[in-house]
Novice: 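If you scroll down you'll find the structure; I have some questions about it.
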Amino acid sequence: METDPHAPLHGIRIMDASRVLAGPFCGQILGDLGADVIKLERPDSGDETRGWGPPFAGVLSAYYLACNRNKRAITLDLAQSEGQTLFHALLDKCDAMIENFRSDSAAKLGLTPEQLLARHPRLVVCSISGYGRTGPMRDAPGYDFAIQATSGLMSITGPVEGPPCKVGVAVTDVLTGLYAAIAILACLNARATSGHGYAIDLALMDCALAAQVNVAEAFLTSGVVPARQGNAHLQIVPYQLFKTADGWLVLAVGNDGQWQHFCNAAGAADLAADARYLTNTQRVESREELVPKVAAIMSSRTNADWRELLSHANVPHAEVWEYDRIFAQDQTSARGMKVTVRDPDGQPVDLLGNPFHIAGAKLPMPRTPPGLGQDTDAVFRDLLDLSGDQLARLRRDRVI
C-alpha cells in the first residue's frame with residue numbers, strides 16, 4: 001500500500017501479529033504516522049476484541065475500533081507449514097514486527113525473537129508480554145487489571161479511605177503500546193547505521209512501574225511506602241479535587257506564586273500571609289490542617305464563579321467533564337480528536353482522532369479499522385505476486 005511520501009513513516013512496513021490492546025495500539029500509532037501496517041489474524045476467529053461489546057458499530061466493537069485504524073488486515077494460519085512459509089515471505093518485505101505470542105507457542109512455531117532474527121537479520125522484532133522474557137514471572141499471563149495490581153499502580157489509586165482502585169482505562173496496555181512504538185522507531189533509526197535487526201522485550205509490568213515516575217521514586221528515595229492520596233497529590237498542596245457550591249473543581253496550585261494568586265483571588269489574605277504555608281514544602285507538611293481550610297473556601301462559590309476568579313488570577317483549575325461534554329467542545333473539534341470515516345458499506349463511523357500535529361509532514365487520512373481478512377488477497381497479490389487460483393486454493397485449504 002502506498003502512503004503519502006511526506007508522511008514521517010512512508011516506506012516503512014510493519015507486521016502487526018499482536019492482539020487485544022498493547023500491540024495493536026502500537027501498530028495504530030505507527031499507521032497514524034504513515035507506516036504500512038498489516039494486521040495478521042487467525043482465519044475465522046481473528047482478534048477477540050472484535051467481539052468485545054457492546055457497543056458495536058456494525059459488526060465491529062468499540063474496543064476494536066479504538067486501536068486498529070490505518071491498517072490492512074489479513075488472515076493466515078501460522079500452525080500450518082504453508083502458512084509459515086507465507087508468513088516468512090511477508091516478513092522479508094517488512095521492517096518491523098509486533099507480537100505478543102505466548103513464549104511456549106512462539107517456540108513451538110519457531111517464531112521466537114532469536115529464530116526470527118536468524119531468518120530475517122534486518123527485522124526489528126517487538127515482543128510484548130505481561131512480565132517480560134526473563135525473571136521468575138516470565139511465564140505468568142499478563143492482563144492489564146492484574147498488572148495494575150502487581151505494579152503498585154492500584155496501591156496508589158483510589159480513595160484514601162477505601163479499597164485500592166484501578167485506573168478507568170487499560171492504562172498499562174496503552175503505556176506499553178507507547179513504549180513499543182518508541183522502541184521500534186529507535187531501532188529502525190539504529191538499523192540505518194548498524195545494518196542489523198533488533199529484538200525488543202517489553203513487559204507491561206515494567207512499563208507500568210516506569211510510568212509511576214515521582215511516586216515510585218519517592219519510595220526509592222525515602223523508603224516510605226506512599227499512601228493513597230485519592231484526588232490529591234503526594235508532593236504538591238493544594239493540588240486536588242474540591243467540592244464547590246454546585247459541583248467539583250480541580251485546583252492545581254503548582255508553585256508558591258500561584259498559591260499567592262489563589263489566596264488573593266479567594267479573598268484569603270490570612271492564608272497568603274501565614275508563614276506556615278508560604279512554600280510548597282510547608283504546605284505539604286501542613287496538609288492535614290491546610291486542606292480543610294481551602295476546602296471550606298472552595299465550597300463557598302459556584303464553579304462558574306471560581307472559573308472567572310481563577311482564570312483572571314492565572315491559577316490552574318479545571319472542571320470535571322464527561323464524554324458528552326468533551327466531544328461537544330470546540331477545542332476537541334479544533335484538534336481533530338473526533339473523526340468520521342466510512343465503513344465498507346458506506347456507513348459513517350465516529351473514531352477517536354490521533355493526537356499528532358506535525359508541521360512539515362502530511363499524515364494519512366484516517367481509515368476505518370479493517371474487517372477480518374478484508375485485505376488478504378490484495379496483500380498477498382501485491383507483495384508476493386500470488387494469483388487468484390493460488391489464493392483460492394489457500395482459502396480452500398484454510399491457510400488464509
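Treat the numbers as computed from the prediction; the structure is a model and nothing was measured.
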Novice: A side-chain contact here means heavy atoms from C-beta on lying under 4.5 Å apart; do Q235 and V284 qualify?
Specialist: no
Novice: Among Q282, E289, E285, find the one that has a side-chain contact (heavy atoms from CB on, under 4.5 Å) with Y277.
Specialist: E289
Novice: Evaluate the criterion side chain to side chain contact (heavy atoms under 4.5 Å, CB included) for residue pair H317 and W306; output intermediate values, then yes/no.
Specialist: CA-CA 9 Å; H317 64 283; W306 280 122; 6.0 Å; no
Novice: Closer than 3.5 angstrom, by distance alone: can the side chain of Q148 be matched with the main-chain N or O of M154 as a donor-acceptor pair?
Specialist: no
Novice: So how far is it from S18 OG to L40 CG, rounded to the nearest 0.5 Å?
Specialist: 10.0 Å
Novice: To the nearest 0.5 Å, what is the distance between OH (Y198) and CZ (R122)?
Specialist: 10.0 Å
Novice: Test of understanding: with ring-ring contact (aromatic ring centres under 6.0 Å, His included), list the residues that count as partners of H261, not counting sequence neighbours.
Specialist: none
Novice: Return yes if some donor-acceptor pair links the side-chain N/O of E308 with the main-chain N/O of A304 below 3.5 Å, else return no.
Specialist: no
Novice: Not counting sequence neighbours, list each pair that qualifies as a side chain to side chain donor-acceptor pair (under 3.5 Å) and has a residue in residues 236-250.
Specialist: T244-D246, T244-N303
Novice: Side-chain contact test, heavy atoms from C-beta onward, threshold under 4.5 Å: evaluate it for M137 versus M205 and give yes or no.
Specialist: no
Novice: For the residue pair L76 and V399, establish whether any side-chain heavy-atom pair is separated by less than 4.5 Å.
Specialist: yes
Novice: For the CG atom of L153 and the CD1 atom of I147, what is their distance to the nearest 0.5 Å?
Specialist: 11.0 Å
Novice: For R102, does the CZ atom have more than 12 heavy-atom neighbours from other residues, nucleotides or ligands under 6.0 Å away?
Specialist: no
Novice: Determine whether the side chains of E99 and S127 contain a donor N or O and an acceptor N or O closer than 3.5 Å.
Specialist: yes
Novice: A side-chain contact here means heavy atoms from C-beta on lying under 4.5 Å apart; do E48 and R42 qualify?
Specialist: yes
Novice: Tell me if a side-chain donor or acceptor on D256 pairs with a main-chain N or O of N280 at a distance below 3.5 Å.
Specialist: yes
Novice: May I have all residue pairs that pass side chain to side chain donor-acceptor pair (under 3.5 Å) and include part of residues 159-187, sequence neighbours excluded?
Specialist: D144-T172
Novice: Looking at side-chain heavy atoms only, is the closest gap between L111 and F87 below 4.5 Å?
Specialist: yes
Novice: Classify the side-chain pair T340/D350 by whether it contains a donor and acceptor separated by less than 3.5 Å.
Specialist: yes
Novice: Closest approach of D375 and P370, non-hydrogen atoms and distance?
Specialist: OD2-CB, 4.0 Å
Novice: Does T112 offer a backbone N or O that forms a donor-acceptor pair with the side chain of Q115 under 3.5 Å?
Specialist: yes
Novice: So F380 and L90, side chain to side chain contact (heavy atoms under 4.5 Å, CB included) or not? Walk me through it.
Specialist: CA-CA 8 Å; F380 283 116; L90 287 175; 3.6 Å; yes
Novice: Is a side-chain donor-acceptor pair under 3.5 Å present for Q84 with S81?
Specialist: no
Novice: Taking ring-ring contact (aromatic ring centres under 6.0 Å, His included) as the test, write out the residues that go with Y131, two or more places apart.
Specialist: none
Novice: Going through the distances and angles, do D32 and L363 end up as a side chain to side chain contact (heavy atoms under 4.5 Å, CB included)?
Specialist: CA-CA 7 Å; D32 286 343; L363 300 181; over 6 Å; no
Novice: Show, in sequence, the C-alpha distance, side-chain angles and deciding distance for I98 and M15, and conclude whether the side chain to side chain contact (heavy atoms under 4.5 Å, CB included) test is met.
Specialist: CA-CA 6 Å; I98 309 162; M15 175 64 72; over 6 Å; no
Novice: Decide, yes or no, whether a salt bridge links R13 with D36 under the criterion of side-chain N to carboxylate O below 4.0 Å.
Specialist: yes
Novice: Please answer whether the main-chain N or O of L60 pairs with a side-chain N or O of R50 as donor and acceptor at a distance below 3.5 Å.
Specialist: no
Novice: Hydrophobic clusters here meaning ILVMFWY residues chained together by side-chain heavy-atom distances under 4.5 Å, can you tell me if L351 and Y63 are in one?
Specialist: no
Novice: Give a yes or no on whether W52 atom CH2 has more than 12 heavy-atom contacts from other residues, nucleotides or ligands under 6.0 Å away.
Specialist: yes
Novice: Identify the two heavy atoms, one from A57 and one from L65, that lie closest to each other, and give their separation to 0.1 Å.
Specialist: CB-CD1, 3.7 Å
Novice: For residues V37 and R72, determine if any side-chain heavy atom of one lies less than 4.5 Å from a side-chain heavy atom of the other.
Specialist: no
Novice: Starting at CG of L309, measure out to CG of N264 and round the result to the nearest 0.5 Å.
Specialist: 11.5 Å
Novice: Ignoring hydrogens and angles, tell me if any N or O in the side chain of Y64 forms a donor-acceptor pair with the backbone of V59 under 3.5 Å.
Specialist: no
Novice: What heavy-atom pair brings G132 and S129 nearest, and what distance separates the two atoms?
Specialist: N-OG, 3.0 Å
Novice: Counting distance only, does the side-chain N/O of Q28 pair as donor-acceptor with the main-chain N or O of A66 below 3.5 Å?
Specialist: yes
Novice: When hydrophobic residues are tied together by side-chain contacts of less than 4.5 Å, even through go-betweens, does L185 share a cluster with I14?
Specialist: yes
Novice: Return the OG1 to CZ distance between T376 and R381, rounded to the nearest 0.5 Å.
Specialist: 11.0 Å
Novice: Is the backbone N or O of I297 less than 3.5 Å from a side-chain atom of S300, with the two atoms forming a donor-acceptor pair by type?
Specialist: yes
Novice: What is the ring orientation for H120 with H88, classed by angle as parallel under 30°, tilted 30 to 60°, or perpendicular over 60°?
Specialist: parallel
Novice: If two hydrophobic side chains count as joined below 4.5 Å and joins carry through other members, does M337 share a cluster with F25?
Specialist: no
Novice: What are the two closest heavy atoms between P292 and R287, and how far apart are they?
Specialist: CD-O, 4.0 Å
Novice: Would you say the side chain of C26 lies within less than 4.5 Å of the side chain of I184, judging by non-hydrogen atoms?
Specialist: yes
Novice: Pairing donors with acceptors under 3.5 angstrom, does anything connect the side chains of E217 and N214?
Specialist: no
Novice: Is it true that a side-chain atom of R283 and a backbone atom of L278 form a donor plus acceptor pair closer than 3.5 Å?
Specialist: yes
Novice: Kindly indicate whether the side chain of T368, heavy atoms from C-beta on, has any atom under 4.5 Å from the side chain of R69.
Specialist: no
Novice: Test: side chain to side chain donor-acceptor pair (under 3.5 Å). Region: residues 391-400. Which pairs qualify, not counting sequence neighbours?
Specialist: D44-R398, E82-R393, D377-R395, R393-D397
Novice: Would you list the pairs meeting side chain to side chain donor-acceptor pair (under 3.5 Å) in which at least one residue belongs to residues 322-334, sequence neighbours left out?
Specialist: E319-R325
Novice: Could you pull out the closest heavy-atom pair between D95 and G11, with the gap in Å?
Specialist: OD2-O, 3.7 Å
Novice: With hydrophobic residues grouped by side-chain heavy-atom distances under 4.5 Å, do L241 and I326 end up in a single group?
Specialist: no
Novice: Are the side chain of Q374 and the backbone N or O of A73 linked by a donor-acceptor pair below 3.5 Å?
Specialist: no
Novice: Please report the closest heavy-atom contact between V20 and C67, naming both atoms and the distance.
Specialist: O-SG, 3.7 Å
Novice: Strictly by modelled atom types, are T49 and D47 linked by a side-chain donor-acceptor pair under 3.5 Å?
Specialist: yes
Novice: Would you find more than 12 non-hydrogen atoms of other residues, nucleotides or ligands less than 6.0 Å from H312 atom NE2?
Specialist: no
Novice: Could you tell me whether Y143 atom OH has more than 12 heavy atoms of other residues or ligands within 6.0 Å of it?
Specialist: no
Novice: With rounding to the nearest 0.5 Å, note down the distance linking SG in C126 to CD1 in I182.
Specialist: 11.0 Å
Novice: Would you kindly confirm whether L178 and V167 end up in one hydrophobic cluster when ILVMFWY residues are joined by side chain heavy atoms under 4.5 Å apart?
Specialist: no
